[in-house]
Structure formats: structure tokens, C-alpha cells
Amino acid sequence: LGDFIDNIDSQQLNLSLFKGEVLLENLSLKPNVLASLPLPFQLVVGTVGRIHVQIPWSKLNSAPLCIEVSDIFVLVRPKPSSEWSEQVELAALEESKKTQLETFDMIHSAT
């Protein structure tokens with residue numbers, strides 16, 4: 001979460017590890033959270049109202065880990081034309097697709 005969320009403090013965090021629950025509330029997105037994505041806009045402000053994680057400790061191999069993200073608000077503005085190039089964005093998108101395919105192949109070759 002540290003790559004996306006700014007300054008998490010104990011007021012925002014509710015842990016119940018024995019129950020397998022983590023609750024984070026009222027979070028601020030980092031200003032550069034969208035910078036690595038090939039998008040023609042930038043984040044002005046972003047918040048996440050709630051992230052709820054349920055970890056089935058007794059059934060880790062058979063039950064899913066559930067992550068619920070709710071109340072997302074983002075305000076974006078177009079990138080200045082001097083900072084945006086269609087060719088650069090297309091190249092970044094192509095690299096992102098390549099990375100995702102490599103990750104997919106790695107996961108499926110391990111199973």
C-alpha cells in the first residue's frame with residue numbers, strides 16, 4: 001500500500017489479526033499514483049474511504065483472501081501538452097502489457 005497511500009497512521013488502521021481482519025479508513029492517495037500509467041491526465045487529489053481485508057488464516061490454501069475497496073474519489077486534470085506524448089504513452093502501455101504477460105506466465109508455470 002505504501003506505493004499508493006500517503007501517510008498511514010494508527011487512527012486510520014484497525015487490526016484484528018486473530019480474526020483475520022484489517023480495516024483502513026480515510027486514506028489519501030499519493031499525488032504520483034497515476035504517474036506510471038500511460039494516461040493523458042494527472043491526479044490532483046484522491047481519497048479512499050475504506051479498505052477491508054479478510055484473511056482466512058485457517059483456510060489459506062482453500063479460501064480466498066478478500067479485499068474490499070470502497071468510496072474512492074479522484075480528481076484529475078489533463079497533463080500539460082509539454083508533459084504528454086502519444087508515442088511515449090503507447091510505449092509505456094506496450095511495456096506494461098509485456099510485464100503483465102511475463103507475470104502471468106511466471107504464475108502459471110509455477111502451478
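Keep in mind that this is a model prediction, so the values were computed, not measured. Excluded from the calculations below are hydrogen atoms, water molecules and symmetry mates; all remaining heavy atoms, backbone and side chain alike, are included.
- Hydrophobic side-chain contacts under 4.5 Å tie Phe73 into a cluster, directly or through other members, with Val44, Val45, Leu75.
- The list of salt bridge (Lys or Arg N to Asp or Glu O under 4.0 Å) pairs with a residue in residues 96-108, not counting sequence neighbours, is empty.
- Here the CZ-CG distance, from Arg50 to Leu27, works out to 11.5 Å after rounding to the nearest 0.5 Å.
- In the hydrophobic clustering of ILVMFWY residues, with side-chain heavy atoms under 4.5 Å counting as a link, Leu39 and Leu90 come out apart.
- When all heavy atoms of Lys30 and Leu43 are compared, the closest pair comes out as O-CD2, 3.3 Å.
- Between Thr103 atom OG1 and His108 atom NE2 the span is 10.5 Å, to the nearest 0.5 Å.
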Compile the donor-acceptor pairs under 3.5 Å between side chains in residues 53-68 and protein atoms, sequence neighbours left out, one pair per line.
residue, atom, partner, partner atom, Å
Trp57, NE1, Leu17, O, 2.7

Using the rule given for side-chain contact (heavy atoms from CB on, under 4.5 Å), can you reason through Ile5 versus Leu29, listing the C-alpha separation, both sets of side-chain angles and the distance that settles it, and then say yes or no?
CA-CA 5 Å; Ile5 305 297; Leu29 294 175; 3.9 Å; yes
